[in-house]
Amino acid sequence: MAAVKRKDWSRYGKWFRRILIDAGILDYRYPIKGCGVWLPYGFKIRRNVFQILRNLLDSTGHDETLFPLMIPETALAKESSHVGSFEEECYWVTHGGTDLLKIKYALRPTSETAIAPMLKLWVRSHADLPLKLYQIVNIFRYETKATRPILRMREVSTFKEAHTSHATFEDAEEQVKEAIIVYKDFFDAMDVPYRISKRPEWDKFPGALYSVAFDMICPDGRTLQVGTVHNLGQNFSKAFDITYETEKGEQEHIWQTCYGISGRAVAAVLTVHGDDYGVVLPPKIAPIQAVIIPIPYKNKAEQINKACKDIEIMLKKANVQVKLDLRADMRPGSKFYYWDLRGVPIRIEIGPKDIEQNEATIVRRDTLEKQTCKISGLVKTIQELMRTMMKDLRLRAWKWMDERVHRVDNLEDAKKLIARKEGIVEVLWCGNVKCGQKLEEVIGARVLGVPMDIEEKIDGNCVICGKTAADIIRVAIAY
RNA sequence: GGGGUCGUCGUCUAGCUUGGUCUAGGAUACCAGCCUGGGGCGCUGGCGGUCCUGGGUUCAAAUCCCAGCGACCCCA
């Protein structure tokens with residue numbers, strides 16, 4: 001647990017909405033339901049978060065592209081289970097000027113059907129495969145449920161979607177594995193803990209063979225899906241007739257995967273590390289990694305400010321993202337709160353005492369612990385402290401999550417845990433769809449799916465029907 | 001999908017039940033000045049609201065009624 005208390009933590013929803021505005025991350029008061037404005041500071045966090053993802057994808061052979069926002073109805077409708085799920089959820093462009101369009105256009109709810117017609121043109125032979133594309137774009141969904149800032153928007157302003165094409169089913173399976181590793185690396189980089197589950201048949205992506213999802217747990221015990229990986233099989237390639245010529249000269253339909261991560265990843269990192277003082281940002285994604293606050297006693301102000309400026313230059317040279325807060329109309333105490341709220345990992349205080357000793361006072365945001373160090377060793381100390389902080393944030397966050405994943409062997413305990421908002425519950429399951437759905441009904445929670453991140457021998461009986469269990473299944477109240 | 005609660009300066013809110021004294025009060029933020037300065041000092045002055053929008057009832061509406069828009073909560 002954090003050294004900094006989370007006394008208001010049960011009212012997580014309220015906390016989250018407050019920090020979005022107060023910390024200058026997202027303003028959701030835009031006059032259209034489910035739309036929000038990324039504010040400058042939040043935009044920087046968002047950019048850092050998605051840059052990590054971008055780097056991971058680039059380094060694993062993915063190429064970034066940009067497809068049009070609009071998808072013609074004729075394309076969206078080609079894969080039947082896909083359109084069935086999305087047509088009610090789309091925003092439709094029906095007019096150009098005052099002319100009624102003969103074929104209406106959807107604002108992309110996701111881009112499989114935008115990409116498919118182009119793949120048909122691009123993929124000619126086995127030599128073109130694998131083809132691994134991605135884009136970071138906005139998507140639109142006409143949500144009928146209550147919208148929530150970042151968590152459920154009608155315009156998802158940040159959506160990284162990767163779309164890959166392969167020659168064989170096996171290659172696609174390998175790609176799913178790679179995608180899972182990429183996502184693990186991504187969340188690990190931000191110290192966000194997760195569980196990986198194979199979604200049940202009835203909750204997979206429309207048009208997929210199967211779906212794998214990353215879930216985290218929010219402070220209120222609900223889970224938040226933060227990433228998904230889908231094996232699409234040949235569903236789309238057959239619907240769009242995307243074929244390639246094999247080495248033997250035969251035409252075969254391609255095998256596809258897709259996987260996505262949205263702005264929820266930003267919500268996740270804010271949620272996991274935040275506390276009563278506001279946001280706590282891991283140094284890797286913090287727009288400002290260290291803030292220097294002068295404690296300018298009268299008649300020493302000049303001397304102190306100069307020392308601060310020297311330190312600023314020193315840190316900049318060492319590639320530390322640093323901010324010197326020289327605002328004269330604000331007392332140091334106010335500045336502490338100001339930067340704590342915004343999650344700046346490290347604070348450097350320079351006052352008369354420090355100057356006398358040729359020292360700096362350093363405070364880490366996660367624990368608010370103070371220490372002093374010689375100015376000559378400041379860069380090294382700060383870099384080390386940031387590493388320590390990341391390690392500690394990770395340990396704390398994973399410990400918190402691990403404590404909220406429960407294994408029980410009977411329905412009563414499962415129900416109690418869910419009712420008490422204790423997070424994820426794992427029970428044994430026979431593998432039958434009917435039992436799975438009944439489980440959701442009886443417990444009053446959603447099935448997340450079968451664990452993909454633990455290897456375990458199954459020994460026991462299904463909590464619903466009592467037959468021999470085939471799998472562990474995870475259940476939780478999901479956002 | 002079903003049910004409920006709510007909408008007042010940028011933000012949080014008082015007022016609404018019982019319409020009139022509301023020319024809508026406070027706090028915070030913001031601006032100017034003084035004073036300070038190691039966890040939100042203090043003081044003075046200032047800025048800021050067609051009481052979500054539209055309609056209705058009434059001599060009179062922030063307050064009552066209807067619709068729309070928006071927000072939140074609960075259940076499925």
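On a predicted model such as this, the values are computed, not experimentally measured, just so you know. Atom set for the values below is all heavy atoms of this structure, side chains included, hydrogens, waters and symmetry mates excluded. Here is how names work: the chains are called A, B, and so on, in the same order as the sequence lines, proteins then strands, and each is numbered from 1.
Between B:rG39, B:rU11, B:rG37, one nucleotide has an atom nearer to the side chain of A:P296 than all others, and that is B:rG37. For A:L368, taking side-chain heavy atoms from C-beta onward, the closest of the listed nucleotides B:rG39, B:rU11, B:rG38 is B:rG39. Closest approach to the A:D354 side chain among B:rG38, B:rG10, B:rG1 is made by B:rG38 (side chain taken as heavy atoms from C-beta onward). Among B:rG38, B:rU11, B:rG1, the nucleotide with an atom closest to any side-chain atom of A:E349 is B:rG38. Among the nucleotides B:rG1, B:rG40, B:rG38, the one closest to any side-chain atom of A:P332 is B:rG38.
The residue A:K14 sits apart from the nucleic acid: no heavy atom pair falls under 4.0 Å. Within the nucleic acid shown, A:R347 comes within 4.0 Å of at least one base atom, counting heavy atoms only. Residue-level contact check: A:R154 touches neither bases nor backbone, having no heavy atom under 4.0 Å from any strand. Within the nucleic acid shown, A:Y277 comes within 4.0 Å of at least one base atom, counting heavy atoms only. Within 4.0 Å (heavy atoms only), A:T147 reaches sugar-phosphate atoms of the nucleic acid but no base atom. Within 4.0 Å (heavy atoms only), A:R446 reaches no atom of the nucleic acid at all. Looking at heavy-atom distances under 4.0 Å, A:D22 makes no contact with the nucleic acid at all. No engagement by A:A360 is indicated, since no non-hydrogen atom pair under 4.0 Å with the nucleic acid exists. At the heavy-atom level, A:P31 lies nowhere under 4.0 Å from the strands shown.
Comparing A:A146 and A:M330 by the nucleotide of RNA chain B whose heavy atom lies nearest to each, the residue mapping closer to the 5' end is A:M330. Comparing A:R29 and A:I350 against RNA chain B, the residue whose closest nucleotide sits nearer the 5' end is A:R29.
The shortest distance between the side-chain N/O atoms of A:R17 and the OP1/OP2 oxygens of B:rU11 is not below 4.0 Å. Remark: A:R331 is not in phosphate contact with B:rG42, judged by side-chain N or O atoms under 4.0 Å from OP1 or OP2. For A:K298 and B:rU36, the shortest distance from a side-chain N or O to OP1 or OP2 is below 4.0 Å. Between A:R148 and the phosphate of B:rC73, there is a side-chain N or O to OP1/OP2 separation shorter than 4.0 Å. Of the side-chain N and O atoms in A:S334, none sit less than 4.0 angstrom from OP1 or OP2 of B:rG39.
In this entry the distance linking CG of A:L20 with P of B:rC72 reads 11 Å, nearest Å. A straight line from CG of A:L151 to C1' of B:rC72 spans 14 Å, rounded to a whole angstrom. Rounded to whole Å, atom P of B:rG68 lies 14 Å from atom NZ of A:K33. Protein atom NZ of A:K335 is 13 Å distant from nucleotide atom C1' of B:rG40, rounded to whole Å. Following rounding to the nearest Å, A:W15 (CH2) and B:rC73 (P) show an atom-to-atom distance of 15 Å. A:Y337 has its OH atom 13 Å from the C1' atom of B:rG38, to the nearest Å. As rounded to whole Å, 11 Å separates atom P of B:rG1 from atom CD of A:E143. Spacing between atom CZ of A:R152 and atom P of B:rC73 amounts to 11 Å, rounded to whole angstrom units.
No option in A:H230, A:R199, A:K204 other than A:H230 meets the side chain to side chain donor-acceptor pair (under 3.5 Å) test with A:S211.
If you check B:rU28 for Watson-Crick or wobble pairing at under 3.5 angstrom, you find it paired to B:rG10. When both pairing distances are held under 3.5 Å, B:rC34 makes a Watson-Crick or G-U pair with B:rG42.
With centroids closer than 5.5 Å and planes inclined by less than 30 degrees as the test, A:F336 and the base of B:rG39 fail to qualify as a stacked pair.
As rounded to the nearest Å, B:rG55 and B:rU13 have P atoms that lie 29 Å from one another. Spacing of P atoms, B:rU50 relative to B:rC34, comes out at 33 Å, to the nearest Å. With both ends at atom P, the span from B:rC43 to B:rA27 equals 11 Å, rounded to whole Å. Rounded to the nearest Å, the gap between the C1' atom of B:rG48 and that of B:rG10 is 9 Å. Rounded to the nearest Å, the gap between the P atom of B:rC47 and that of B:rU36 is 28 Å. With both ends at atom C1', the span from B:rC6 to B:rC51 equals 15 Å, rounded to whole Å. Comparing the same atom, C1', in B:rG15 and in B:rC22 gives a spacing of 8 Å after rounding to whole Å. The separation of B:rC12 from B:rG49, taken at their C1' atoms, amounts to 15 Å, rounded to a whole angstrom.
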Between A:D325 and A:R327, does a salt bridge (Lys or Arg N to Asp or Glu O under 4.0 Å) hold up when you go through it step by step?
CA-CA 6 Å; A:D325 188 352; A:R327 286 176 292 181; 2.8 Å; yes

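Within 6.0 Å of OH in A:Y41 there are more than 12 heavy atoms belonging to other residues, nucleotides or ligands.
Under a cutoff of 6.0 Å and an axis angle of 45°, A:R396 and A:W400 do not form a cation-pi pair. Stacking of A:R152 on the aromatic ring of A:Y479 is not recorded, the 6.0 Å distance cut-off and the 45° axial limit not both being met. For the pair A:R342 and A:Y338, the cation sits on the ring face: its NZ or CZ lies under 6.0 Å from the ring centre, inside 45° of the axis. Figure legend: A:K160 and A:F50 shown without cation-pi pairing, the cationic atom not lying both under 6.0 angstrom from the six-membered ring centre and within 45 degrees of its axis.
The six-membered or imidazole ring of A:W38 lies away from that of A:Y28, with a centre-to-centre distance of 6.0 Å or more.
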